[in-house]
Protein chains: 2
Amino acid sequence: MNIASPTSNYFGQPEGILASAAHVANSKQMLALTGIKRKLSKGSTILHEEDDVKHVYEIVSGTVKTSKLLADGRRQVIGFFGAGDIIGLPFEFASFYSVEAVTQTTILCYPISQLHAVMGQSPELTKFVFSCVHNEQEKQIDHMISLGRKRPKERIASFLLDFYNKRVDMGFADQVIELPMSRVDISDYMGLTQETVCRVLSFFKRRAIITSRNSHEITILDLPSLERMAQSSVLH
Amino acid sequence: MNIASPTSNYFGQPEGILASAAHVANSKQMLALTGIKRKLSKGSTILHEEDDVKHVYEIVSGTVKTSKLLADGRRQVIGFFGAGDIIGLPFEFASFYSVEAVTQTTILCYPISQLHAVMGQSPELTKFVFSCVHNEQEKQIDHMISLGRKRPKERIASFLLDFYNKRVDMGFADQVIELPMSRVDISDYMGLTQETVCRVLSFFKRRAIITSRNSHEITILDLPSLERMAQSSVLH
DNA sequence: CGCATGATTGAAGTACGTCAACTCTTGTGG
DNA sequence: CCACAAGAGTTGACGTACTTCAATCATGCG
């Protein structure tokens with residue numbers, strides 16, 4: 001579902017995955033779906049909780065996180081999104097989470113009204129949008145299992161594998177994963193404290209399962225062990 | 001989004017919420033969307049994990065749960081669904097969870113292919129289906145926050161309030177909530193053990209926040225306290 | 001270079017899980 | 001109709017895995 005080079009844009013070809021999906025599906029009618037490009041600096045908020053959602057966002061480059069706050073400040077990060085990911089359901093509503101840029105990020109904003117118009121003409125685009133909704137829900141359910149039933153080591157191992165597998169899907173063959181977000185972001189995503197996240201990562205390093213040049217770049221040394229760790233942490 | 005009497009079915013009126021939505025939207029064309037009725041005994045499985053999803057289900061009466069298993073038998077219950085609820089995304093795919101009847105249950109099964117055909121003709125039905133997807137996702141996100149960032153007392157209080165609020169939405173004015181599922185089901189939903197669920201419920205009883213005639217029927221005595229408890233358990 | 005912020009490690013406390021006993025319910029068959 | 005069994009629910013005692021609090025160590029930016 002993730003496409004290797006979403007930024008590729010040669011003459012005559014619309015920019016962005018959604019636009020491309022609409023373009024291919026309507027090559028005869030040349031029905032236009034054009035996203036407005038926006039550049040976001042690190043930490044800036046794209047959408048606050050409760051804001052009216054008028055656009056679907058496609059990440060061109062960078063990373064964003066979606067999150068929700070409790071009254072006393074506790075935070076749950078719902079998800080992280082990178083290049084090629086689509087954020088937002090394909091209809092207007094009050095957002096149930098905020099969307100923030102983790103790094104400097106470029107996004108394409110598709111007005112939902114326009115998206116609907118084109119979807120009405122293009123079953124292929126409709127299908128593609130549905131597949132995004134589907135992927136999104138599957139990711140959310142896996143995340144719920146991590147939060148509800150996995151131990152910290154299993155959660156972090158699953159988290160690292162998610163990033164690794166995404167890179168594999170995108171055609172990269174190395175064992176390096178980039179974690180642009182802070183330890184606090186990771187802990188708020190995993191339902192843990194930042195200290196526990198650190199300790200688990202240190203544990204993986206001590207066990208030579210991973211190594212890291214700096215805190216935002218992790219190299220997997222022992223993939224089978226990491227995969228076992230994601231399933232069960234019984235053998236510590 | 002919950003309608004009080006989904007079983008109401010007078011002459012000439014199609015049965016079920018989805019069918020009604022399609023009917024109203026197409027009163028001139030009389031486009032048919034008919035669900036096949038199925039009766040399920042307590043504990044029976046409607047859908048296993050990985051099964052191909054060919055239908056969207058509407059609960060007429062009873063309660064069902066969706067859940068997913070880990071390799072070593074740990075279980076996460078994703079959600080509980082009662083009368084008027086719709087289960088399943090409006091397109092075919094391999095299910096990412098199993099669907100089981102918690103009590104004797106009656107459901108209406110709408111073939112997804114037929115649903116799509118009617119959706120193509122009826123923007124109102126499409127809108128209604130989207131609103132179901134939207135509600136479903138909002139519930140899932142709230143659940144993720146419970147699992148990731150709430151303490152057991154807050155989780156259980158939120159859980160009870162969900163059931164209470166649903167009853168209020170359906171027009172009931174009493175403070176009684178029915179919990180047809182077992183304590184183990186609740187614990188697998190909340191990411192806790194059954195013992196912790198019991199202890200928290202006992203704590204609420206000792207505090208005269210709730211009372212119960214039997215283990216499946218709970219009466220809220222102190223709604224404000226329960227609502228406070230769902231936000232924060234600091235004052236024990 | 002120096003400060004601010006983030007990451008890591010250590011020590012100590014506690015909330016929740018585990019294990020186990022007991023009770024209450026429900027249903028079945030003598 | 002009661003006796004008993006099987007299962008679900010509840011409570012208690014205890015251990016520990018994670019959090020909390022605190023100090024130290026990197027990193028990066030002005």
Side-chain angles (χ1 to χ4, degrees), chain A residues 41-43 65 72-77 102-104 146-157 178-207 210-218 229 232-236, chain B residues 41-43 65 70 72-76 102-104 146-157 178-207 210-218 229 232-236:
Chain A
S41 58
K42 179 174 174 172
K65 66 182 180 206
D72 60 358
R74 280 174 289 179
R75 199 172 59 124
Q76 178 65 44
V77 170
V102 170
T103 59
Q104 186 174 304
S146 274
L147 293 173
R149 284 291 174 234
K150 286 191 179 175
R151 331 215 96 202
K153 281 169 192 166
E154 299 168 323
R155 290 187 210 182
I156 309 273
E178 210 200 328
L179 302 178
M181 70 294 289
S182 71
R183 294 292 188 259
V184 174
D185 280 343
I186 298 176
S187 65
D188 283 343
Y189 180 66
M190 301 270 75
L192 302 167
T193 59
Q194 54 173 328
E195 291 92 334
T196 301
V197 171
C198 270
R199 277 187 252 271
V200 171
L201 288 174
S202 298
F203 171 84
F204 287 167
K205 283 176 204 163
R206 240 177 294 126
R207 280 290 196 89
I210 61 169
T211 187
S212 68
R213 141 187 344 267
N214 64 62
S215 65
H216 292 292
E217 190 188 307
I218 285 181
M229 202 62 83
S232 161
S233 62
V234 201
L235 326 158
H236 280 0
Chain B
S41 58
K42 179 175 172 170
K65 66 183 179 204
L70 277 137
D72 59 359
R74 281 175 288 178
R75 198 172 58 124
Q76 178 65 45
V102 170
T103 59
Q104 187 175 304
S146 275
L147 293 174
R149 283 292 173 233
K150 287 191 180 176
R151 333 216 95 199
K153 281 169 191 165
E154 300 167 322
R155 290 187 211 182
I156 308 272
E178 210 199 330
L179 302 178
M181 69 295 292
S182 71
R183 294 292 189 260
V184 173
D185 280 342
I186 298 176
S187 65
D188 282 343
Y189 179 67
M190 301 269 76
L192 302 168
T193 60
Q194 54 173 327
E195 290 93 333
T196 300
V197 171
C198 270
R199 277 187 252 269
V200 170
L201 289 173
S202 298
F203 171 84
F204 287 167
K205 283 176 204 162
R206 240 178 295 126
R207 280 292 195 90
I210 61 168
T211 186
S212 70
R213 140 189 344 268
N214 65 62
S215 66
H216 292 293
E217 189 189 307
I218 284 181
M229 202 62 82
S232 161
S233 61
V234 201
L235 326 159
H236 281 2

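The two atoms that bring R74(B) and S232(A) nearest to each other are NH2-CA, 4.3 Å, heavy atoms only.
Between R151(A) and dA17(D), a side-chain N or O to OP1/OP2 separation shorter than 4.0 Å is absent. A sub-4.0 Å separation between OP1 or OP2 of dA17(D) and a side-chain N or O of K153(A) is absent. Proximity of T196(B) to the phosphate of dC16(C): no side-chain N or O atom is located under 4.0 Å from OP1 or OP2.
Counting non-hydrogen atoms under 4.0 angstrom, S182(A) reaches the backbone sugars and phosphates but no base. Using a 4.0 Å heavy-atom distance criterion, L192(B) is classed as a sugar-phosphate-only contact.
For the pair M190(A) CE and dC18(D) C1', the interatomic distance rounds to 15 Å; values are reported in whole Å. Across the protein-nucleic acid pair, E217(B) atom CD and dT25(C) atom P stand 14 Å apart, rounded to whole Å. The CZ-C1' distance, from R155(B) to dG17(C), rounds to 13 Å in whole Å. Following rounding to the nearest Å, K150(A) (NZ) and dC18(D) (C1') show an atom-to-atom distance of 18 Å. What separates CZ of R74(A) from P of dT19(D) is a distance of 13 Å, to the nearest Å. If you take CD of Q194(B) and P of dC22(C), they are 18 Å apart, rounded to a whole angstrom. Between the P atom of dG9(D) and the CD1 atom of I218(B) lies a distance of 11 Å, rounded to the nearest Å. Rounded to whole Å, atom C1' of dT8(C) lies 16 Å from atom CZ of F204(A).
Of the listed nucleotides (dT19(D), dT18(C), dG9(D)), dG9(D) has the atom at the smallest distance from the side chain of C198(B). Of the candidate nucleotides dG9(D), dA7(C), dT20(D), dA7(C) has the atom nearest to the side chain of H216(A). The E195(A) side chain lies nearest to dC21(D) when the options are dC16(C), dG9(D), dC21(D).
Under the 3.5 Å distance criterion, the side-chain polar atoms of E217(A) are left unmatched by any main-chain donor or acceptor of N214(A). A donor-acceptor contact shorter than 3.5 Å links the side chain of R155(B) to the backbone of M190(B). Using modelled atom types, one side-chain atom of R149(A) and one backbone atom of L192(B) make a donor-acceptor pair closer than 3.5 Å.
At most 12 heavy atoms of other shown residues, nucleotides or ligands fall within 6.0 angstrom of atom CD in Q104(A).
Along DNA chain D, the nucleotide nearest G191(A) and the nucleotide nearest R213(A) are compared for position; the residue whose nucleotide lies closer to the 5' end is G191(A). Checking P152(A) against N214(A), the closest nucleotide of DNA chain D that is more toward the 5' end is the one next to P152(A).
Under 3.5 Å, the side chain of R199(B) and the base of dG9(D) form no donor-acceptor pair of N or O atoms.
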